[in-house]
Protein chains: 2
Amino acid sequence: MNLKDLAHRLNLSPTTVSRALNGYPEVNEATRERVMAAAKEHNYHPNSRAIRLATGRAMAVGHVIAIANRHEIVNPVFADFIAGAGETYSRNDYDMLLSVVRDEDEAQTYRNLRVKGSVDGVIVHGPRENDPRIPLLREIGLPFVVHGRATGATGPYSWLDVNNRRAIQQATGHLLDLGHRRIALVNGLEFMDFAIRRRRGYLDALAARKVASDAALMASGEMTEVAGFRAARTMLALADPPTAFVAASMLSGMGVRRAIEGAGLRLGQDVSVVIFDDDLSYMKNGEERPIFTAMRSSVREAGRLVAEMLLHRIAHPDAGPVEQLLEAELILGRSTGPAPDR
Amino acid sequence: MNLKDLAHRLNLSPTTVSRALNGYPEVNEATRERVMAAAKEHNYHPNSRAIRLATGRAMAVGHVIAIANRHEIVNPVFADFIAGAGETYSRNDYDMLLSVVRDEDEAQTYRNLRVKGSVDGVIVHGPRENDPRIPLLREIGLPFVVHGRATGATGPYSWLDVNNRRAIQQATGHLLDLGHRRIALVNGLEFMDFAIRRRRGYLDALAARKVASDAALMASGEMTEVAGFRAARTMLALADPPTAFVAASMLSGMGVRRAIEGAGLRLGQDVSVVIFDDDLSYMKNGEERPIFTAMRSSVREAGRLVAEMLLHRIAHPDAGPVEQLLEAELILGRSTGPAPDR
DNA sequence: CCGTGTTGGACAAAGGATTTTTCCGGCACG
DNA sequence: CGTGCCGGAAAAATCCTTTGTCCAACACGG
C-alpha cells in the first residue's frame with residue numbers, strides 16, 4: 001500500500017494525498033479527513049526510504065563507537081546513555097544508527113555517514129584531550145553534539161557535560177571536611193577529558209585546604225573492579241596509607257572496597273570512599289540507603305538531553321552552538337565517616 | 001558526486017557505470033577498469049538512500065530494546081552484545097538500527113520496521129517464556145534470530161543460545177564434587193528464559209546426586225550487586241546456611257561476595273561461589289587468576305555470531321531456521337574450595 | 001458581463017540509483 | 001550479399017514521496 005495506490009483508491013492525485021497527510025493548507029478539510037480515514041483504514045505508512053530520498057533528510061542520528069581492538073573495553077555507561085538518547089529519538093520519530101568500528105576507521109565512518117546521507121547528525125562519545133573528531137565533523141559539516149567536552153578543542157561546539165571538576169572537588173572537599181588528609185584518587189584513564197577534569201577538581205580541593213598532593217595517591221586506569229582493587233591495594237600497603245578514596249565509578253569503588261576489606265579495614269569507619277555514580281540502571285548504589293557516598297549524575301538523563309540538543313541543532317542549523325553543564329549531586333551513603341585518629 | 005555526474009565525466013551512460021561498478025558481465029573489462037578508477041579518484045559512493053529505494057533492501061538490521069518504565073534496568077550485557085553484533089554489521093556494510101521503546105509499543109515498533117522497510121531483519125533480545133515476539137515476527141514476515149530461546153515457543157525459529165542448563169548443572173556439579181551439599185542459587189528473574197533453564201540445570205545437578213533442593217536456597221531477582229547481596233545475606237542468616245552459591249552474573253557474584261565477607265566468612269574457604277560470567281569487557285573476572293570460579297561464555301562473541309546468522313537468513317530467506325548452542329567453559333578461580341567440615 | 005482573486009487540486013519534476021528494454025554496429029554464416 | 005545473432009551501450013521505466021508550478025472553477029466586485 002503506497003501513496004499511489006492510496007491516491008488511486010481515493011480518486012485523487014498522489015500530490016493531494018501527500019499534502020493532506022502532511023497538513024499542507026491547500027487541501028480542503030473534508031478531503032483531508034477522507035484521506036486520513038482511508039490511510040488509517042488501509043494501514044498506510046509512507047515508505048521511509050522514499051521520504052529520505054525525496055526530502056534529503058535521513059531522520060536518523062548516528063552514534064559511532066570506536067573500538068581499538070577486539071578486546072578493548074566497551075564503556076559501561078554506554079548502555080544507559082543509549083537508552084536515554086533512544087527515548088528521545090523514539091519520541092521524535094528519529095532512528096538511531098549505531099556504528100561499531102575499529103578506531104582507525106572512525107574518521108572514514110563519519111565521512112561516509114555524511115556523504116551517503118545516512119544520518120542528519122551524530123553524537124560524539126567519550127571525548128579526549130584535543131579530540132580530532134571535533135575539527136573533523138566541523139570540516140565535513142555534519143551536525144554534532146559532544147557528550148562531554150574536549151580540553152584543547154578550538155572554536156565553539158555544542159556539548160553537554162557533567163561538571164566533573166566541581167563534582168570531584170566537592171567529593172574531595174567532603175572528605176577533607178571529615179578530617180581526612182591522606183586522600184587517594186582512583187581515576188579513569190587520563191587521556192579522557194572527564195578524567196583530566198576530575199583530577200583537576202581533586203587537586204583544586206587539596207590546594208584550597210593547603211593539603212599537599214602525593215603522586216603515590218593518584219592512580220589512573222580503566223574503570224573496572226579489578227583496576228580499582230589493585231590501585232587501592234597498592235596504596236593501602238604504603239607506609240603512610242590513605243584514609244579515604246575518591247573513586248571514578250561504581251565499579252572502581254567496588255574494587256576499592258574489596259581492597260579495604262581485604263586489608264582487614266572497615267569501609268566507612270577505617271577508610272572512607274566517595275565514588276562518582278553514573279546512576280546506571282544495573283548498578284544501583286543501594287536503595288534505601290546508598291552503599292557509597294557518591295557524586296551522582298544520571299548518564300541516562302544525559303543521554304536524553306544530549307539527544308534533544310542534537311535534534312534541536314538539526315532543526316535549526318543556523319543557531320549557534322549550545323552548551324549545557326550539569327551538576328552532580330552529593331549523596332550521603334555508608335562509605336564515609338570521620339577520619340580515624342592516628 | 002553521484003552516478004550521473006560520474007557517467008557524464010566518463011562519457012558513459014549511468015547504466016554502464018552502474019553495471020561496471022556492480023560487476024555485471026555485460027560490460028567491457030577495459031570500460032570497467034576505467035570506471036573503477038574514476039570512481040575511486042572522485043571518491044564516489046553510491047547514495048545509500050537511492051540504493052535502498054531502488055533495490056528495496058534496507059541494508060540494515062534492527063535491535064529493539066523494550067523498557068517497561070523509565071527506571072527499569074537496561075540489560076548490562078547489552079553493550080557487549082551490541083559491540084559484537086556491530087562488528088559483524090560493519091564488516092558486511094550493514095547498518096544497525098536501535099529502537100528504544102516502551103514495552104507496550106514494542107509490537108507496533110516491529111510492525112513499523114516491517115511496513116516502512118527500515119530494516120531487513122531483527123535480533124530478538126532477552127526472550128521470555130512463551131515470548132510473544134516470536135509469533136509476531138513470524139506473522140509479519142520479518143526475518144529474525146533470537147539471542148536465547150523461548151521455552152514454550154511453537155514451531156521452529158532461528159536462535160543462538162548458551163547452554164544455560166548444562167552450564168549451571170556443571171557449576172553445581174563442581175560444587176557438589178567439592179563436597180558442598182547446601183548450595184544456593186542466586187538466579188535472574190525467572191520469567192526470563194535463560195533463568196528458567198539455569199534453575200533447571202541447578203535442580204538437575206542436585207537430583208543427580210540425590211541432594212534435596214530447598215526453596216530457601218533459591219532466589220530469583222534482578223542481577224544487580226544489591227540484589228545478590230540481599231539474597232545471600234538472607235540465606236547466610238538461615239539456621240542451616242549454604243556453604244556455596246551459584247550466582248547468575250558477575251554483579252550478583254560481587255553482591256554475594258560482599259554478603260559473605262560481611263558475615264565474617266572467607267570467600268573460597270568458608271563459602272564457595274561459582275558465577276556465570278558473560279565475559280563483559282568492563283567486568284573482567286580478574287586477569288592472571290580469576291576472582292571467581294565461573295562458567296564463562298562471551299556475550300560479545302555471541303553478538304558476532306547471532307548477527308552473522310541473521311545476515312545469512314536475510315541473504316537466504318528460504319533456508320530453514322538455524323540453531324546454535326554454545327557451551328560455557330568452566331574457569332577455575334579463587335572463589336571455590338572444599339566444603340568446610342561441620 | 002468581465003476581470004481579478006481565491007481555492008482545491010492536478011501535473012510533472014526531482015531525488016539517485018537499479019533494472020528492463022531498446023538500439024546499433026559488427027561479425028559469422030549460409 | 002543478406003540475414004541473424006551478439007556484445008556493448010544508451011534510453012526508459014521503476015522505486016515512492018515531496019514540492020514547485022500550473023490550471024480550472026468559482027466567487028465577487030465593478
Side-chain angles (χ1 to χ4, degrees), chain A residues 1-39 42-60 93 95 112-120 315, chain B residues 1-36 38-39 42-60 93-95 112-120 315:
Chain A
M1 176 55 57
N2 56 27
L3 188 68
K4 205 166 21 171
D5 291 348
L6 190 65
H8 196 74
R9 266 198 166 67
L10 287 160
N11 278 326
L12 289 171
S13 75
T15 313
T16 306
V17 176
S18 170
R19 295 208 148 110
L21 294 173
N22 292 309
Y24 283 70
E26 53 273 76
V27 51
N28 193 319
E29 210 42 58
T31 310
R32 187 193 307 282
E33 278 171 25
R34 204 158 59 89
V35 172
M36 292 290 213
H42 294 96
N43 191 30
Y44 168 74
H45 288 270
N47 182 305
S48 58
R49 294 193 289 257
I51 289 184
R52 283 162 188 186
L53 181 59
T55 62
R57 288 171 303 159
M59 294 302 286
D93 291 319
D95 287 336
N112 280 348
L113 288 175
R114 169 76 215 198
V115 169
K116 306 206 294 183
S118 314
V119 300
D120 299 319
Chain B
M1 178 55 56
N2 57 27
L3 189 67
K4 210 167 13 172
D5 292 348
L6 191 65
H8 195 75
R9 267 199 166 66
L10 286 161
N11 280 324
L12 289 172
S13 73
T15 317
T16 307
V17 175
S18 172
R19 294 216 144 101
L21 294 173
N22 292 308
Y24 282 72
E26 53 273 77
V27 52
N28 193 317
E29 207 45 54
T31 310
R32 186 193 307 281
E33 280 171 24
R34 203 157 62 89
V35 171
M36 292 290 212
H42 293 96
N43 191 31
Y44 167 75
H45 287 270
N47 181 305
S48 59
R49 291 194 290 253
I51 288 185
R52 283 161 189 186
L53 181 59
T55 61
R57 289 172 303 160
M59 293 301 287
D93 291 318
Y94 266 74
D95 288 336
N112 281 346
L113 288 176
R114 169 77 213 198
V115 168
K116 305 205 295 181
S118 314
V119 301
D120 298 318

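Scope of the values below: all heavy atoms of this structure, side chains included, with no hydrogens, waters or symmetry mates. Below, chain A is the first sequence line, B the second, and so on; all start at residue 1.
Here the nucleotide nearest the side chain of A:Ala50, chosen from D:dC16, C:dT18, C:dG15, is D:dC16. Closest to the side chain of A:Val27, out of C:dG9, C:dA17, D:dA10, is C:dG9. Minimum atom distance to the side chain of A:Ser13 is reached by C:dA10, of the listed D:dT19, C:dA17, C:dA10. Taking only side-chain atoms of B:Ala54, from C-beta outward, the nucleotide of D:dC15, C:dA10, C:dG15 with the closest atom is D:dC15.
Formation of a donor-acceptor pair under 3.5 Å by the A:Arg32 side chain with backbone atoms of A:Leu21 is not found in this model.
With hydrogens and angles ignored, a donor-acceptor pair under 3.5 angstrom links the side chain of A:Thr15 to the base of D:dT19.
Counting any heavy atom pair closer than 4.0 Å across all strands shown, B:Asp5 reaches no nucleic acid atom. Residue A:Thr31 is in sugar-phosphate contact alone, with no base atom involved, counting any heavy-atom pair closer than 4.0 Å across all strands shown. Using a 4.0 Å heavy-atom criterion, one finds that A:Ile51 contacts the sugar-phosphate atoms exclusively.
Note: CD (A:Glu26) to C1' (D:dA24) measures 16 Å, nearest angstrom. Computed from coordinates, the B:Arg32 CZ to D:dA9 P distance equals 11 Å when rounded to whole Å. Across the protein-nucleic acid pair, B:Asn28 atom CG and D:dC6 atom P stand 18 Å apart, rounded to whole Å. When rounded to the nearest whole Å, the span between CG of A:Asn47 and C1' of D:dC16 equals 6 Å. Going from atom CZ of B:Arg57 over to atom C1' of D:dT14 covers 16 Å, rounded to whole Å. At whole-Å resolution of the value, CG in B:Leu3 and C1' in D:dA9 are 14 Å apart. Rounded to an integer number of Å, the gap from NZ of B:Lys4 to P of D:dA10 is 15 Å. Taking atom NE2 on B:His8 and atom P on C:dA17, their separation rounds to 15 Å, with Å as the unit.
Checked by atom type, the side-chain pair B:Thr15/B:Ser18 shows no donor-acceptor distance below 3.5 Å.
Residue A:Asn22 places at least one side-chain N or O closer than 4.0 Å to OP1 or OP2 of D:dT18. Note on A:Tyr24: every side-chain N or O is 4.0 Å or more away from OP1 and OP2 of D:dG20.
Where B:Thr55 and B:Arg19 each meet DNA chain D at their nearest nucleotide, the meeting point lying more 5' is that of B:Arg19. Between A:His45 and B:Thr16, it is B:Thr16 whose nearest contact on DNA chain D lies nearer the 5' terminus.
In this structure B:Ser118 satisfies the side-chain contact (heavy atoms from CB on, under 4.5 Å) test together with A:Ser48, B:Leu97, B:Leu113, B:Lys116, sequence neighbours excluded.
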Inset, instruction - Start with the C-alpha distance between B:Thr31 and B:Leu12, add both sets of side-chain angles, then the distance that settles side chain to side chain contact (heavy atoms under 4.5 Å, CB included), and finish with yes or no. - result: CA-CA 9 Å; B:Thr31 310; B:Leu12 289 172; 3.8 Å; yes

Inset, instruction - Begin with the C-alpha distance, continue with both residues' side-chain angles, and end with the deciding distance and a verdict on side chain to side chain contact (heavy atoms under 4.5 Å, CB included) for B:Asp5 and B:His42. - result: CA-CA 10 Å; B:Asp5 292 348; B:His42 293 96; over 6 Å; no

